[in-house]
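For reference, the structure discussed in these notes is given below.
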Amino acid sequence: MRLSKFFIPTLKENPSDAFFPSHILMIRAGMIKQLTAGVYSYLPLGLIVFRKIEKIIREEMNAIGCNEFLLPALSPNELWEQTGRLDAFGDIIFRIKNRDLILAPTHEEVFATIAKPNLVSYKDLPQMWYQIQTKFRNEARPKSGVLRARQFTMKDAYSFDLDYNGLDVSYKLQEQAYRKIFTRCGLKFFSVEAASGTMGGNESMEFMVESDAGEDIVAISEDGTYASNIEVATAYPEIVERKNTNLPYEKFHTPNVKSIAELADFLKIKDKSRLAKSRVFVIDKQKENQENEYILTLVCGDDEVNESKLEAILGTKIRQGHPDELIEITGADAGSIGPIGLKSKNIKIIADLKLKDSDELISGANINDYHIKNIDLKRDVKDIIYKDIRVVKENDLTLKTKSRIRISKAIEVGHIFKLGTKYSESLGVKYLDKDGKEQLIVMGSYGIGLERIAAAFIEQNNDDKGIIWEGEIAPFKVHLISLEQGIISETSDLIYNNLKEKNIDVLYDDRKDVRAGFKFNDADLIGIPLQIIVGEKFLKDKKIEIKIRRTNERILVNYDDLINKIVELIR
RNA sequence: CGGGAUGUAGCGUAGCCUGGUAGCGCGCAUCGUUCGGGACGAUGAGGUCGCCAGUUCGAAUCUGGCCAUCCCGACCA
């Protein structure tokens, strides 16, 4: 491609509303342009990169026998009502105003409607289907460029199996394909255990790229044996040891003490582990004649409650109690709540494993400005349940190997789910087995965010000059820079044609009246791995300069050896 | 959805407090000089100052409403 004909609006200055390197550089290198919040136009250079990622994904999906489809983005409301996801997704779904249609945020339902009349016998299974298609999600807060957009490209795949053993096989195939895809895309990635959220199902795995621009938080062990999304991460519980002093519990006055930090200050202590932190959660009633359920959680003062773990334990959505509810339920405001003397009897108490049978604890008295000391959970709190409900912290140890845990931010580039029968049940996707008995098809679902791969790659591969492409997803292999007219232009044209003959993707900066420095800076910004610089300085000795973008290393080669050297460097 | 900020030429911004000719840098056009790390000089084009209403002789500037964008949080395959 000749740069004189290529539309690539590079920018010298940083756009004012971009903060992360990938966002800044994708705009500055002319890859994308924002149309409105969370919606981007893909410009030629960006599209070339996205297409290369698509090609890798397509090849790896086809390699495991996955069939490519292309489903519509529009989809009837009715279909989504059948699985209950019109409500479950809520505001995240874009709705068409003048038709009962939605813009699909994912495609389980639509694929299932194809499966239903066609996968009817055990002989039809298993099947794996996928598409690479535009998804629409009405994100409340789009951010960080293409990392969280309202319109984006996803590879979504679905497996249909006879039973759970079959699902395990399909899931494993997808997992292996994912590892190949991300490796070929040049990402430094890792996989983590994950929560499945509104997708349903039990087991799920996320593929993560560590980056400050990421929105997920992960716990990673130093010995490399453990990595998990913080939502489901567990650590070795350092039990708060019993002292067995058997002191009676005692109420004491704590004026204006509202938080654990203030309580520690008031008591002049540093170790907050015996200051049991209480929080009240509510499960809203499902029907009119039911009552709300309340849960009081206890964790060590320096820990936090992990609400997603709590939801998993309870098997339902929870919410934090409103301030006016708290008084009603406990008798006190947040800050003076504890496990003893609760006003309402209908409260389930769940304590973290670290507090198992602990004594000499201090917690709220359920009377404003009072706390209780010498609480012995074993002695004083009946019907207490111990569960792992805390958020894993930096320097915690892993459960199995006691390796130190690090907390980091990460970009989720892929997510695979063992869905099970959630959709086949609600949509009636069944087959007849060998014995002529009706069975539910067991499904899996597998997603990759295309643009996120590109953004994650740039997050991991950039410097103060720009992007540093490498490997298969580089938009071009070589950036040929011609520095003058006359003989230099002729030589450059020759090199350009030779490279094209060798099928080497080359971007040729043949622009006239553009000064050298401008071309060099554009080249570093766009970040093609190899630069060939043709200028008078070396051409007078029949030499051509090759610059390696990543290392800034410069290699001088004889004109006649250039193509061979380039072929060698690309390999 | 809650909190905060911003909106002035294609991009980055000053001016707003204290109302009176809309300014600068980059980019763009023409000419000349320059020509291996975002050149220099000269001339020039480009603006409903986010939108609507109000106050005023007069509003980019003051007031109110709306819209948009960004940041923090909530939410979130």
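Residue numbers begin at 1 in each chain, while the letters A, B, ... track the order of the sequences. This one's a predicted model, so the numbers in the text were calculated from it and none came from an experiment.
Not one side-chain nitrogen or oxygen of A:Lys143 sits closer than 4.0 Å to the OP1 or OP2 atom of B:rA74.
For A:Phe520, the listed nucleotide lying nearest its side chain is B:rG36; candidates were B:rU69, B:rG36, B:rA77. With B:rC72, B:rA77, B:rG37 as the choices, the nucleotide that has an atom nearest any side-chain atom of A:Asp524 turns out to be B:rG37. With B:rA77, B:rC70, B:rG36 as the choices, the nucleotide that has an atom nearest any side-chain atom of A:Phe19 turns out to be B:rC70. Relative to the side chain of A:Arg141, the nucleotides B:rU69, B:rA77, B:rG73 differ in distance, and B:rG73 lies closest. Of the candidates B:rA77, B:rA39, B:rC75, B:rA77 carries the atom nearest the A:Met154 side chain, counting heavy atoms from C-beta on. The listed nucleotides are B:rA77, B:rU69, B:rG36; the one nearest the side chain of A:Lys537 is B:rG36. Counting only heavy atoms from C-beta on, A:Asp522 has its side chain closest to B:rG38 among B:rA77, B:rA74, B:rG38. Relative to the side chain of A:Tyr158, the nucleotides B:rA77, B:rU69, B:rG37 differ in distance, and B:rA77 lies closest. Between B:rA68, B:rG37, B:rG12, one nucleotide has an atom nearer to the side chain of A:Ser16 than all others, and that is B:rG12.
Taking atom C1' on both nucleotides, B:rU48 is separated from B:rG7 by 15 Å, rounded to a whole Å. Nucleotides B:rA14 and B:rU8 place their C1' atoms 10 Å apart, quoted to the nearest Å.
Within the nucleic acid shown, A:Ala140 comes within 4.0 Å of at least one base atom, counting heavy atoms only. Among the atoms of the strands shown, base atoms are found under 4.0 Å from some heavy atom of A:Phe538. When heavy atoms are screened at a 4.0 angstrom cut-off, A:Arg28 is found touching base atoms of the nucleic acid. Counting non-hydrogen atoms under 4.0 angstrom, A:Arg319 reaches nothing in the nucleic acid. Here A:Gln34 lies in heavy-atom contact (under 4.0 Å) with sugar-phosphate atoms only. Using a 4.0 Å heavy-atom distance criterion, A:Lys33 is classed as making no nucleic acid contact. Base contact: A:Lys465 has a heavy atom under 4.0 Å from a base atom. Looking at heavy-atom distances under 4.0 Å, A:Glu412 makes contact with sugar-phosphate atoms alone, never a base. If you check every strand for non-hydrogen atoms under 4.0 Å, A:Asp91 touches nothing.
Relative orientation of the A:Phe136 and A:Phe94 rings is perpendicular, given thresholds of 30° and 60° on the angle between their planes. The aromatic rings of A:Phe207 and A:Tyr178 lie tilted to each other, with the angle between the two planes from 30° to 60°.
Residue A:Arg515 is the one, among A:Ile448 and A:Arg515, whose nearest nucleotide of RNA chain B lies closer to the 5' end (criterion: closest heavy atom).
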(message) Test ring pair (Phe, Tyr, Trp, His ring centres under 6.0 Å) on A:Phe69 and A:Phe111; report intermediate values, then the result.
(response) CA-CA 9 Å; A:Phe69 286 62; A:Phe111 269 109; 5.1 Å; yes

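Paired regions of RNA chain B, where each region holds three or more successive Watson-Crick or G-U pairs whose two hydrogen-bonding distances fall under 3.5 Å, are B:1-7 with B:67-73, B:10-13 with B:23-26, B:28-33 with B:39-44, B:50-54 with B:62-66.
Between A:Phe160 and A:Trp129, a ring centre-to-centre spacing shorter than 6.0 Å is recorded.
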Return the polar atom pairs (N/O with N/O) between nucleotides 25-30 of chain B and the protein under 3.5 Å, or none.
unit_1	atom_1	unit_2	atom_2	d
B:rG25	N2	A:Glu13	OE1	3.0

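Remark: A:Lys135 fails to qualify as a cation-pi partner of A:Phe152 under the 6.0 Å distance and 45° angle criteria applied to the six-membered ring.
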